[in-house]
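Remarks on the structure that follows.
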Amino acid sequence: MGRSIVKNDNKNSHKSLMSFIQDSNKADSDKKKEGNLSSKINIRDNKESTSTKGAFLNTNKKPANKSKGVSFEEKGSSYVHLAPENLSSSYLIDVKYDGKKEKAYVKLFNPEQGKVFRWYDTTNHLPYLLTTVSKAEVEKKLANEKEFIGCEVIKKYSLLNEKELTLTKVIATNPLAIGGRDNSYREKISPSFEANIRYHLNYIYDNGLVPGLFYEVKNNKLQRVEPKIPNEVKDNLLDIFKGQSHEVLQLVEQYLPIFFAPIPKISRCSVDIEVESEKNKIPDPHAALQKVISIGLTNEERETTVFVLNEEKKQIDQSKISVKVKEFDDEKELLLAVFDEMSKYPIVITFNGDGFDFLYLDNRAKKLEIDEKMNPFVRTRFQNVFLSHSIHLDLYRFFRQPAIRIYAFGGVYDRITLDELGKTILGKEKLKHEKDIWDLDLEELIEYNGRDSEITFELTSFNNDQVINLIVMLSRITKMPIDDFTRASISIWIQNWMYFEHRFRNYLIPRREDILQLKGGTSTEAIIKGKKYQGAIVIDPQVGVWWDVHVMDFASLYPSIIKTRNLSYETLNCNHIECKKNKIPETSHWICEKHVGISSMLIGFIRDIRVYWFKDRAKDPSLSEEERKLSDVIQSSLKVLLNASYGVFGSDNFALYCPPVAESTAALAREAISKTKKYSEEKLGLQVLYGDTDSIFIHKPTPENIEELEKWSMETFQIELGTDYVFRYCGLSDRKKNYFGITTEGYPIVKGLMGRKKNTPILAKRPFEKSLEILTDVQTPEELEETKKKIIRITQAVNQKISKRNFELEDLAISVTLSKKIEQYDSWTQPLQAAVQLMLAFPDGEKPTVGSLISFIKTKPFKIQAQSIKLSDQISQSKECSVKPIQLAEKSDVDIPKVKELLKSTLIQLLDTIGISWVESIEGQKSLDSWFS
DNA sequence: GGACGTCGGGG
DNA sequence: GTGTACGACGTCC
């Protein structure tokens, strides 16, 4: 916060390493560059680099429509418009594959006509795989394959082997011939490379397409429309990266349009449906047996229309409704009207449309025998539903991504429900109703449905379209179409981003097993049993109250280490004997000093551009609010990628899984924090009170000390060490990751203390928060002593209330979100006990499952009979419970000693830090005054 | 009372 | 289906 960034220092010290790497590598890297590095930015310039694929087409058979193995086909829909021969500048919103036509196509939103057009590939791009098997041999092997088109010999650079490889490119008429069937080519030809990449993504890589940028169609050819970016912006940016390698400068040019092309307002609507349903039963979207009774649709003018089924032609009281209403006496007509309205928008937003609304509508349309041509939905071979004419943005999928929840929204929402998101992000709740949807008056139904559709829309529009902009920006960076992007998770985003950059540079995309085999496993032992390698350091806290404490931390430490130490799957444990001396401490690994690692370069680039450009601009008062907000969106999208960039290398489902990369990053971080502690203590004579992963708590440093540390960090690590907070005072307990501090700006920072955890009962939370509140006002050690007395009084008062059973049942409730299905619990945990009791008490109610919020209170032990509930075999038959769900509990059930324990364990963490003893001050017989006198 | 499992929060 | 470290509380033996 407000940290000064020493740009020049950084660049220079960074330069020293990079120029070293560059120099020793010059001959090699020049060779690598020859490929298509400079010419891939525009698809127009792409002819040379992709010319190889055209060559065979002149001589070989043409791809024919003979494949019967394609498992999904796009039907002709009346909502689809084909792109004309020439189409003005349009927004690339999607890339897909049409199995029937055996062609890739893109969806282009043309703002002039307000329509989405489909442009089918005209370059005869075809699916392929790569192999080291010779052309002749492959041709012999596949001679009788109907879908086999031919082979070409191509050259690619393998980063893993550090050499150019001559490969056979095996081309087929359709993607399933390459991979996805039992007898696909990738099963027949070994080794095969790049054979498990979805075809439409391959199409994006090969053509250097960037979803979310502008393209036009000229003489049936797709070409990018370059945005006008002020020279000034470009020059300033290049200046930031001055002195870095040629490849990084290339990257700056490549990403200019991605960051600076405007994000146009794309018109969109949200859709939410209501279905006739039996009491407490969610209708099955696969069966779609019940009528659709109402559909809400909100557009960008914030106009909400509710299409409602009114078979009995009841009079609707207009005074009771706030939205537009369209009445239908026939369900089929209702659906058709909504389909027609939806077709006007290039983006349609739902909340869980993938899992419910659209699945239901598609199946219902089939049931009602709506003409296929009028049904806007298309099924993929995985039975997903998407829209033939536009893109479907399912917000449930997007907000569910942990990386988005934590890094883009600071974890403000806990549960992924429309109500919770509306409440926490928009301050707008769903309408509550006592009755079932089935029993609502028409007016109530209309209002309820309208509200849901409004919340859904506003989740994308609040704060200047923050969510849409975030999605577009991440989609541009990772090169994933919005449709794929919002349905994939962070490791796939990073995978796609890195795959694109490999292809862009004509590098062979490595196979997971080759990385693992060549780079080996880990060499440190994890502290926690079952983990693969050792993680971060947490410095032992110095117990007590400390005044004037500076918390310094490294700016995005892990990504910075990946950048400055050149960490990448190919540079870790490289083949050069000379590099073996460049050891990673505490491990058996070493890093290459000859080549720049690709992930190091990419992660380093987005780190630098975030820190040196967008982060400052997000807060720059000299910029317009709109510019600031856009910068903030970009910096937060970069943050999302950066924060996951280290972790993915340690995740065995990541395509470039490389445990030594993750392990080395953690080891170097440990080294950085340990050295900083040592330097502070030994060279500067400072007292280090605590530290966690990338932070260090320093007692009473002078401004000179701080400056000295910042300078030393830049020189030693080329990473900014800055001041995160200054605490007027802070309290450290003997527990790690447990402390509080009051900043000089006068607000409290609380870490790990139970009183802040969301499932702590209010009874304990209230005195905790009250105590913290008065601690926040404390200015001097003398005032602290006074405040301690107050806190003791507060605590004693609550303790006495508990003894007298003077509390509300709700105040004792412990809320837990179930993390598993009921049958999957292998032990008789308290949340499970409560869930089972609920199921017994309400056999017809909604069954608790993953994500259900269960509230319970602690009781004296009692037994229940739960034979009727299906549980894991691991759980024995005797069922003793120590909790009761709040719905079933009474005050007399409460186990008083346990509640007192709970209060104690919550508050003792805070009291410990300020030196109040629970036994003496709260439980003890001594009066308050005598204890202090 | 110790080993082990589960959960949650935070980075 | 990004990583590990950590504390609290529970069950099971």
Side-chain angles (χ1 to χ4, degrees), chain A residues 400-407 410-411 414 488-495 522 524-541 553-554 556-559 562 603 639-659 661-667 669-670 673 691-695 724 733-739 749-760 764 814-820 824-833 854 858 861 874-876 878 880-883 898 901-902 904-906 908-909 912:
Chain A
R400 200 175 55 162
Q401 297 302 326
I404 294 295
R405 189 176 78 86
I406 303 296
Y407 299 113
D414 291 313
S489 55
I490 187 98
S491 71
I492 304 289
W493 302 348
I494 296 179
Q495 169 192 317
T522 53
T524 56
E525 196 161 329
I527 291 171
I528 300 175
K529 222 177 82 185
K531 302 287 183 186
K532 284 172 285 210
Y533 59 89
Q534 197 182 339
I537 282 187
V538 185
I539 298 171
D540 277 332
D553 74 346
F554 288 105
S556 37
L557 181 60
Y558 284 21
I562 291 174
I603 293 163
K639 183 179 175 185
V640 168
L641 293 177
L642 284 172
N643 275 314
S645 62
Y646 139 78
V648 289
F649 284 105
S651 164
D652 58 14
N653 47 42
F654 179 53
L656 304 175
Y657 176 47
C658 189
V661 169
E663 183 180 32
S664 301
T665 313
R670 289 197 299 275
I673 208 76
D692 183 353
T693 312
D694 59 354
S695 68
D724 204 1
S733 74
D734 59 353
R735 301 165 188 86
K736 292 174 171 183
K737 296 179 188 282
N738 275 259
Y739 63 86
I749 301 283
V750 180
K751 288 286 155 71
L753 303 183
M754 260 173 80
R756 276 287 169 94
K757 296 187 180 175
K758 68 168 188 288
N759 62 349
T760 301
I814 298 167
S815 306
V816 179
T817 314
L818 294 187
S819 60
K820 290 188 279 199
Q824 286 166 342
Y825 277 88
D826 285 339
S827 59
W828 186 234
T829 62
Q830 295 186 339
L832 179 64
Q833 293 171 21
I854 305 269
K858 301 200 179 202
Q874 306 284 320
I875 295 176
S876 61
S878 76
E880 195 174 75
C881 294
S882 54
V883 301
K898 275 193 191 161
E901 264 314 299
L902 202 137
K904 179 179 170 182
S905 60
T906 304
I908 202 167
Q909 297 182 342
D912 268 0

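Both backbone and side-chain heavy atoms feed into the values below; hydrogens, waters and symmetry mates do not. A, B, ... follow the sequence lines: proteins, then strands. Residue 1 opens every chain.
Using a 4.5 Å cut-off on side-chain heavy atoms (C-beta onward), A:N643 and A:Y558 make no contact. Here the side chains of A:N653 and A:S491 are in contact, with some heavy-atom distance below 4.5 Å. Counting heavy atoms from C-beta outward, A:K736 and A:D692 have side chains that stay 4.5 Å or more apart. Between A:V750 and A:Q909, the closest side-chain pair of non-hydrogen atoms is not below 4.5 Å.
For the pair A:D652 CG and C:dG1 C1', the computed distance is 9 Å after rounding to whole Å. The distance from atom CG of A:L656 to atom P of C:dT2 is 14 Å, rounded to the nearest whole Å. Look at NZ on A:K751: it is 8 Å from P on B:dG10, rounded to the nearest Å. A straight line from NZ of A:K639 to P of C:dT2 spans 18 Å, rounded to a whole angstrom. When the P atom of C:dC9 is taken as reference, atom NZ of A:K858 falls 7 Å away, rounded to whole Å. If you measure from atom CG of A:L832 to atom C1' of C:dG10, you get 13 Å, rounded to the nearest angstrom. When the P atom of C:dT2 is taken as reference, atom CZ of A:R405 falls 13 Å away, rounded to whole Å. Rounded to whole Å, the distance from CZ on A:R735 to P on B:dG10 is 16 Å.
Taking side-chain N and O atoms only, A:K737 has no distance below 4.0 Å to OP1 or OP2 of C:dA5. Proximity of A:K531 to the phosphate of C:dT4: a side-chain N or O atom is located under 4.0 Å from OP1 or OP2. At C:dG10, none of the side-chain N or O atoms of A:S882 fall inside 4.0 Å of OP1 or OP2 (strictly under the cut-off). Regarding contacts with the backbone of C:dT4, every side-chain N or O of A:R670 stays at 4.0 angstrom or more from both OP1 and OP2. For C:dA8, the OP1/OP2 oxygens have a side-chain nitrogen or oxygen of A:Q909 closer than 4.0 Å. At C:dT2, one or more side-chain N or O atoms of A:S489 fall inside 4.0 Å of OP1 or OP2 (strictly under the cut-off). The phosphate of C:dT2 has OP1 or OP2 within less than 4.0 Å of a side-chain N or O from A:S491.
Looking at heavy-atom distances under 4.0 Å, A:K898 makes no contact with the nucleic acid at all. As judged by a 4.0 angstrom heavy-atom cut-off over every strand, A:A536 is placed among residues touching the sugar-phosphate backbone only. Within 4.0 Å of A:S651, counting heavy atoms only, lie sugar-phosphate atoms of the nucleic acid but no base atom. Across all strands shown, A:G647 has heavy atoms under 4.0 Å from base atoms, whether or not it also approaches the sugar-phosphate. Contacts of A:Y533 with the nucleic acid, taken as non-hydrogen atoms under 4.0 Å apart, involve only primed sugar atoms and P, OP1 or OP2. Nucleic acid contact for A:S645: none, since no nucleic acid atom lies under 4.0 Å from a heavy atom of the residue. Across all strands, A:Y646 comes closer than 4.0 Å to base atoms (heavy-atom distances). When heavy atoms are screened at a 4.0 angstrom cut-off, A:Y657 is found touching no nucleic acid atom at all.
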ring-ring contact (aromatic ring centres under 6.0 Å, His included), that's the test. Do A:F654 and A:F649 meet it? Break it down for me. CA-CA 7 Å; A:F654 179 53; A:F649 284 105; 5.4 Å; yes
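If you find the closest nucleotide of DNA chain C to A:I490 and to A:Q833, the one lying nearer the 5' end belongs to A:I490.
Closest to the A:A526 side chain, of the nucleotides C:dG7, C:dA5, C:dG1, is C:dA5.
A:A662 approaches A:Y646 most closely through the heavy-atom pair O-CE1, 3.3 Å.
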